[in-house]
Asks: 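Next up is a structure, given as structure tokens.
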Amino acid sequence: MATKAMQPKADEANRELLDGLNEDLRGEFQAVIMYRLYASMVQGPYRQELRTFFANEIPEELMHAQILADKISAMGGTPAAEAAPVRVVPEAKAMLETALQAEIETIERYVRRRSQAEAAGEHGLAAQFDDIISDETNHRDELRQMLARWPY
Ligand SMILES: [Fe+2]
Ligand SMILES: [Fe+2]
């Protein structure tokens with residue numbers, strides 16, 4: 001009887017987690033598109049460096065998307081097929097600020113998601129979020145460092 005009473009709760013936790021993982025997946029697709037566009041569009045004296053920085057983010061964001069899509073599928077869900085909207089901005093500084101804001105929001109989402117994964121009994125996924133959170137934290141810190149002494 002106890003297990004029967006537990007079941008709807010477990011289903012609900014799983015459904016909530018799946019919805020959240022799809023939100024995260026759309027966020028990773030957004031990050032891939034954002035960094036690709038910024039790498040191509042960035043102009044000004046720091047183009048070469050920023051182009052390399054933006055482009056180098058893409059493989060990690062794609063790896064995050066892979067982890068999420070694999071997990072969503074393994075849990076019986078359907079991975080999202082679209083990206084969250086990308087903010088296209090013309091100035092190098094605005095690109096860095098937009099990317100920084102996106103990384104900060106992403107970290108907040110993953111910290112929440114890690115608790116949801118624990119609550120749903122998905123401990124392996126929760127552990128994977130530690131690595132992802134650490135990747136996104138590095139992205140955030142590098143963006144902050146670049147903006148800290150931005151000359152104009
Ligand atoms: Fe990511
Ligand atoms: Fe990131």
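No experiment lies behind these values; they were computed from the predicted model shown. Residue indices begin at 1 and follow the sequence shown. In listed order, ligands and their atoms are each counted from 1.
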Asks: Only one of Leu100, Thr106, Asp135 forms a side chain to side chain contact (heavy atoms under 4.5 Å, CB included) with Arg140, so which one is it?
Replies: Leu100
Asks: Keeping Arg26 on the side-chain end and Glu82 on the backbone end, is there a donor-acceptor pair under 3.5 Å?
Replies: no
Asks: Check all N, O or S atoms of His139 and name the one closest to the Fe ion (ligand 2).
Replies: ND1
Asks: Where is the tightest heavy-atom contact between Tyr35 and Glu103, given as atom of each residue plus distance?
Replies: OH-OE2, 2.7 Å
Asks: The Fe ion (ligand 2) to Asp135: any N/O/S contact under 2.8 Å?
Replies: no
Asks: Find out if a path of hydrophobic residues (ILVMFWY) with successive side-chain heavy-atom gaps under 4.5 Å connects Val42 to Val32.
Replies: yes
Asks: Test of geometry: compute the angle ND1(His64)-the Fe ion (ligand 1)-OE2(Glu28) and round it to 10°.
Replies: 100°
Asks: If you stand at the Fe ion (ligand 1) and look out to OE2 of Glu136 and OE1 of Glu61, what angle do those two lines make, to 10°?
Replies: 120°
